[in-house]
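For reference, positions follow the sequence shown, starting with 1. Because only heavy atoms are used, hydrogens play no part in the values below, and waters and symmetry mates are left out as well, while side chains stay in. As the structure is a prediction and not an experimental result, all values here were calculated from the model.
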Amino acid sequence: MSLIRWIFRVLQPISPAAAAWLAERLFFTARRSPLSSDARAFLATGRRFTLEVEGRRLVGWRWGFTDKPLAYLVHGWGSRGARLAAFVEPLLAAGYGVVTYDAVGQGQSGRGMTSMPEFARSLAAVVRQHGAPRAIVAHSMGCAGTTLAISWGLEVARVVFLAPAADPPAWVAPFARAFGLTPQVMDLVRARSERRLRVRWSDLNVCDLARALPPPVRPELLIVHDEADETVRWQDGAAIAAAWSGARLVTTQGLGHRGVTSNSGIVRQAVEFVTSSAPRASEDAALERELFYREERIND
């Protein structure tokens with residue numbers, strides 16, 4: 001951190017464009033963690049596949065028969081498909097096929113930069129190869145990418161968001177402060193990335209995307225967020241629940257950002273939600289229940 005701050009301090013007055021080039025790569029590159037032996041053993045039980053997403057390799061895994069309804073598991077930033085391993089067996093037992101993968105720039109899916117639009121394009125590419133999802137379970141940045149994919153036309157009946165991020169572009173502010181980046185350099189970073197990704201940062205707010213979803217394509221949504229989440233604030237999940245008509249927000253305690261992906265009670269509740277055959281309640285009734293639950297939690 002000290003070395004990078006020093007580099008930016010020297011580079012910015014000399015060449016803001018060069019500083020923006022470096023800042024873009026730092027901001028859009030996810031940290032890669034080694035695959036644990038348990039995760040490796042888990043992935044070995046699935047059928048491995050590969051495909052290309054705009055010229056980049058993506059690696060994924062599938063469980064279950066091809067004639068079953070499909071549930072997709074979408075990991076978060078700097079993570080892997082194996083993060084949501086706890087959902088595979090319960091979904092298989094419920095009669096679903098399961099697909100997970102490492103989004104481009106993450107895990108085994110090559111190196112290089114990644115982003116919310118690339119999360120969305122990764123999901124869309126996997127769906128094109130393996131078939132339409134009945135359900136999606138997503139974590140953190142994977143929730144934002146899933147919402148963007150839905151706004152682009154991905155059809156899915158039910159979605160579970162675990163610790164969702166409401167406004168990923170807002171993360172650039174603490175990044176800029178940490179490295180002492182000037183407004184001029186950050187304006188260049190925004191311009192460079194918008195050209196590369198073909199998406200404006202202002203179009204990536206999850207709450208705005210949720211409010212714009214027309215009822216015929218808006219999935220039923222369950223959000224689970226821990227009130228002491230150390231990575232993505234609980235308020236992000238609450239804001240998405242308020243913007244996504246009919247969504248239900250479940251607040252947990254003591255699970256943190258990653259614990260919501262493996263807690264047995266959360267897994268059971270999420271699987272019951274996505275596999276239930278109960279008809280969808282009216283939007284007004286669902287929203288009334290969601291708001292009551294949130295007010296009850298907020299006032300505790």
Side-chain angles (χ1 to χ4, degrees), residues 17-35 39-40 43-44 46-63 66 70-84 97-133 136 138-156 165 168-169 171-172 175 186 188-204 206 209:
W21 179 90
L22 177 59
E24 182 186 16
R25 274 145 187 80
L26 288 174
F27 184 67
F28 287 99
T29 300
R31 180 176 297 179
R32 299 168 65 88
S33 56
L35 189 64
R40 196 179 304 277
L43 294 176
R47 180 167 61 85
R48 187 176 185 270
F49 64 85
T50 62
L51 55 85
E52 281 198 359
V53 182
E54 299 186 340
R56 304 174 68 183
R57 187 185 72 149
L58 179 147
V59 179
W61 299 263
R62 179 168 178 158
W63 292 261
T66 57
L70 289 176
Y72 286 75
L73 307 178
V74 183
H75 67 80
W77 185 262
S79 189
R80 301 170 178 267
R83 167 65 65 188
L84 297 166
V98 182
V99 179
T100 193
Y101 57 91
D102 295 349
V104 292
Q106 314 265 337
Q108 297 185 40
S109 293
R111 299 186 179 276
M113 291 183 284
T114 190
S115 64
M116 177 178 164
E118 285 157 317
F119 268 74
R121 290 170 183 144
S122 294
L123 174 58
V126 176
V127 167
R128 283 195 297 271
Q129 184 178 88
H130 290 271
I136 296 173
H139 179 229
S140 193
M141 176 67 87
C143 306
T146 297
T147 304
L148 186 58
I150 293 169
S151 76
W152 288 346
L154 177 67
E155 295 183 2
V156 57
W171 295 347
V172 76
F175 170 83
M186 292 314 301
L188 291 172
V189 170
R190 176 192 289 260
R192 288 179 58 94
S193 65
E194 288 184 340
R195 286 194 301 271
R196 177 174 57 85
L197 297 171
R198 309 184 304 280
V199 177
R200 296 179 302 178
W201 287 14
S202 58
D203 294 333
L204 298 178
V206 175
L209 292 170

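In this structure, the separation between CE on M113 and CG on L26 is 10.5 Å, given to the nearest 0.5 Å. Put simply, OG1 on T146 and CE on M116 are 9.5 Å apart, with the number rounded to the nearest 0.5 Å. Atom CD of E118 and atom CE of M141 lie 10.5 Å apart (nearest 0.5 Å). Put simply, CG on L154 and CZ on R128 are 10.0 Å apart, with the number rounded to the nearest 0.5 Å. For the atom pair T114 OG1 and D102 CG, the distance stands at 11.0 Å (nearest 0.5 Å). A distance of 11.0 Å separates CG in L204 from OG1 in T147, rounded to the nearest 0.5 Å.
Shortest non-hydrogen contact noted between L73 and L84 is CD1-O, 3.5 Å. The shortest non-hydrogen separation linking A144 to P168 is CB-CG, 3.8 Å. The minimum heavy-atom distance between P117 and L197, with the atom names listed, is CG-CD1, 4.3 Å.
Sorted by first then second residue, the ring pair (Phe, Tyr, Trp, His ring centres under 6.0 Å) pairs that include residues 103-127, not counting sequence neighbours, are H75-F119.
In this view, W63 and F42 satisfy the ring pair (Phe, Tyr, Trp, His ring centres under 6.0 Å) rule, not counting sequence neighbours.
Taking the six-membered ring for Trp and the full ring otherwise, the centers of H130 and Y72 sit at least 6.0 Å from each other.
F28 carries R196 over the face of its six-membered ring, with the cationic atom under 6.0 Å from the centre and within 45° of the normal.
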